[in-house]
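By convention here, the first residue in the shown sequence is residue 1.
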Amino acid sequence: MERLQKILAQAGVASRRKCEELIQSGAVTVNGEKVTTLGVKADPAVDAIAVNGKTIRGEKKLYLMLNKSKGVITSANDPQGRKVVTDFLPGIKERVYPVGRLDYDTEGLLILTNDGEFANLLTHPKHHVPKTYHATVKGVPHGTALEQLQKGVKLEDGMTSPAEVEYHDVDTDKNEATIAITIYEGRNRQVRRMFEAVGHKVIRLKRIKFGELGLQQLGRGKFRHLTPQEVEELKAAAFKTHKVHKK
Ligand code: URA
């Protein structure tokens, strides 16, 4: 027997917190009876559990890595009909959703899953999973700018936590530089805003690592399944406490 919200989250309905809200809103039934209080337990192998009248099944858990191209929305669908990340998963029938977001114009490593608990674990602000980007910026930031990024810069939603920053490539002819930056938070457009705060506009942004997981040879617009070991390593990264990065 498991708590209902846990069963729903594991079945990929939504995060555990969202599932609690669904239960409280009266959307969930167990063997035809509406359950609106939290703490009720059920056995998914025996009980018929439904959300808005649709029976959930113990779906196979999927963990995917996509090398997202720019010009693609990190969403399962877009009312305006633009390309979405799930358009790039041929053969995947299960309903998977992205773990966190990449901007429309950001490329690179995006994890998708139907395991709500896993998604929640990796995106929860208290877990500080590192994410590494290659940010190509206008101009060549010098020591003080990089130091500021390392220590934390003031954004309109508060100071950023310490980051790791190093030069990846400098093109003096084009007056551009590519900086590898690792952040431990996941605020909206954070990397772009951090560079803007130190006077450098980001002209290209690519996520190259999530935790210790790297894109490696995965081609642009291509996806692959994560190995069970990679999934375990990501979970371990989320559980590790990065005290230094705590607010
Ligand atoms: N930071 C950004 O500015 N954009 C992203 O897509 C991810 C991190």
What's the separation between atom [atom1] in [X] and atom [atom2] in [Y], rounded to the nearest 0.5 Å?
{"X": "D115", "Y": "N120", "atom1": "CG", "atom2": "CG", "answer": "10.0 Å"}
{"X": "I208", "Y": "H134", "atom1": "CD1", "atom2": "NE2", "answer": "3.5 Å"}
{"X": "S75", "Y": "K83", "atom1": "OG", "atom2": "NZ", "answer": "15.0 Å"}

Report task. Would you please name every residue forming a salt bridge (charged side-chain N to carboxylate O under 4.0 Å, His left out) with R192, sequence neighbours left out? Result ->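 Once residues adjacent in sequence are excluded, the partners of R192 under the salt bridge (charged side-chain N to carboxylate O under 4.0 Å, His left out) criterion are D103.
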Query raised in the report: How would you list, by chain and number, every residue that makes a salt bridge (charged side-chain N to carboxylate O under 4.0 Å, His left out) with E176, sequence neighbours excluded?
Result: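 E176 satisfies salt bridge (charged side-chain N to carboxylate O under 4.0 Å, His left out) with no other residue.
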Report task. Only pairs at least two apart or in different chains count here, so list each salt bridge (Lys or Arg N to Asp or Glu O under 4.0 Å) that has a residue in residues 8-17. Result ->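 Non-adjacent pairs meeting salt bridge (Lys or Arg N to Asp or Glu O under 4.0 Å): R16-E117.
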Query raised in the report: Same cluster for L218 and Y63 if Ile/Leu/Val/Met/Phe/Trp/Tyr side chains link at under 4.5 Å?
Result: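 Linked within one cluster.
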Report task. Spell out, yes or no, whether Y167 and V198 are grouped together once hydrophobic residues are joined by side-chain heavy atoms under 4.5 Å, including indirect joins. Result ->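 Yes; V198 is reachable from Y167 via cluster members.
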Requested in this report: Provide the full list of ring pair (Phe, Tyr, Trp, His ring centres under 6.0 Å) pairs with a residue in residues 70-99, sequence neighbours left out, each pair given once.
Outcome: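 Those involving residues 70-99 do not exist here.
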Requested in this report: Can you run down the ring pair (Phe, Tyr, Trp, His ring centres under 6.0 Å) pairs that involve residues 6-42, sequence neighbours left out, and say none if there aren't any?
Outcome: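 Passing the test, one end in residues 6-42: no pairs.
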Query - Verdict with supporting geometry, L4 and V28, side chain to side chain contact (heavy atoms under 4.5 Å, CB included) - result: CA-CA 9 Å; L4 204 45; V28 180; 3.9 Å; yes
Name all residues meeting the side-chain contact (heavy atoms from CB on, under 4.5 Å) criterion together with [X]; count only those two or more places apart in sequence or in a different chain, and write none if there are none.
{"X": "E233", "answer": "Q229"}
{"X": "K235", "answer": "F118, L121, V231, E232"}
{"X": "D157", "answer": "L155, R187, R193"}
{"X": "H225", "answer": "L62, L64, I92, F223"}

Query raised in the report: Hey, is the main chain of V129 close enough, under 3.5 Å, to the side chain of H127 for a donor-acceptor pair?
Result: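 Side chain of H127 to backbone of V129, a donor-acceptor pair under 3.5 Å: no, none is there.
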Just so I know, are the side chains of [X] and [Y] near enough to count as touching, which here means a heavy-atom distance under 4.5 Å?
{"X": "K68", "Y": "E107", "result": "no"}
{"X": "K131", "Y": "Q190", "result": "no"}
{"X": "T113", "Y": "V96", "result": "no"}
{"X": "E166", "Y": "I179", "result": "no"}
{"X": "L38", "Y": "R3", "result": "no"}
{"X": "V99", "Y": "T123", "result": "yes"}
{"X": "E94", "Y": "K61", "result": "no"}
{"X": "R95", "Y": "N114", "result": "no"}

Report task. With sequence neighbours excluded, give me every side-chain hydrogen bond (donor to acceptor under 3.5 Å, both in side chains) pair touching residues 140-152. Result ->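 Residue pairs with at least one partner in residues 140-152: there are none.
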Query raised in the report: What residue pairs, at least two apart or across chains, pass side-chain hydrogen bond (donor to acceptor under 3.5 Å, both in side chains) with a residue in residues 32-54?
Result: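 side-chain hydrogen bond (donor to acceptor under 3.5 Å, both in side chains) check on residues 32-54 returns N31-D47.
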Requested in this report: Go through the steps for L8 and I23 under the test side chain to side chain contact (heavy atoms under 4.5 Å, CB included), then give the verdict.
Outcome: CA-CA 10 Å; L8 294 171; I23 294 168; 4.0 Å; yes
Report task. Report the C-alpha distance between E230 and R224 in whole Å, list the side-chain angles of each, state the deciding distance to 0.1 Å, and finish with yes or no for side chain to side chain contact (heavy atoms under 4.5 Å, CB included). Result -> CA-CA 12 Å; E230 286 170 335; R224 70 165 174 87; 2.9 Å; yes
Requested in this report: Tell me, please, which residues at least two apart from T74 pass side chain to side chain donor-acceptor pair (under 3.5 Å).
Outcome: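 Expected list: none.
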Query - Pair V13-K18, side chain to side chain contact (heavy atoms under 4.5 Å, CB included): steps then yes or no - result: CA-CA 9 Å; V13 171; K18 280 262 152 51; over 6 Å; no
Query - A76 versus V84, closest heavy-atom pair with distance - result: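 Answer, listing the atom of A76 first, then V84: O-CG2, 3.7 Å.
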Query raised in the report: Can we say E196 and R189 salt-bridge, meaning some charged N sits less than 4.0 Å from an Asp/Glu carboxylate O?
Result: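 Looking at R189 together with E196, the answer is no, because their closest N to O distance does not fall below 4.0 Å.
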**Report entry** Salt-bridge present (D78, R82; N to O < 4.0 Å)
**Finding:**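 Salt bridge flag = yes for R82 with D78.
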Requested in this report: Taking atom CD of Q24 as the centre, report whether more than 12 heavy atoms of other residues, nucleotides or ligands fall under 6.0 Å from it.
Outcome: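 Result for CD/Q24: enclosed.
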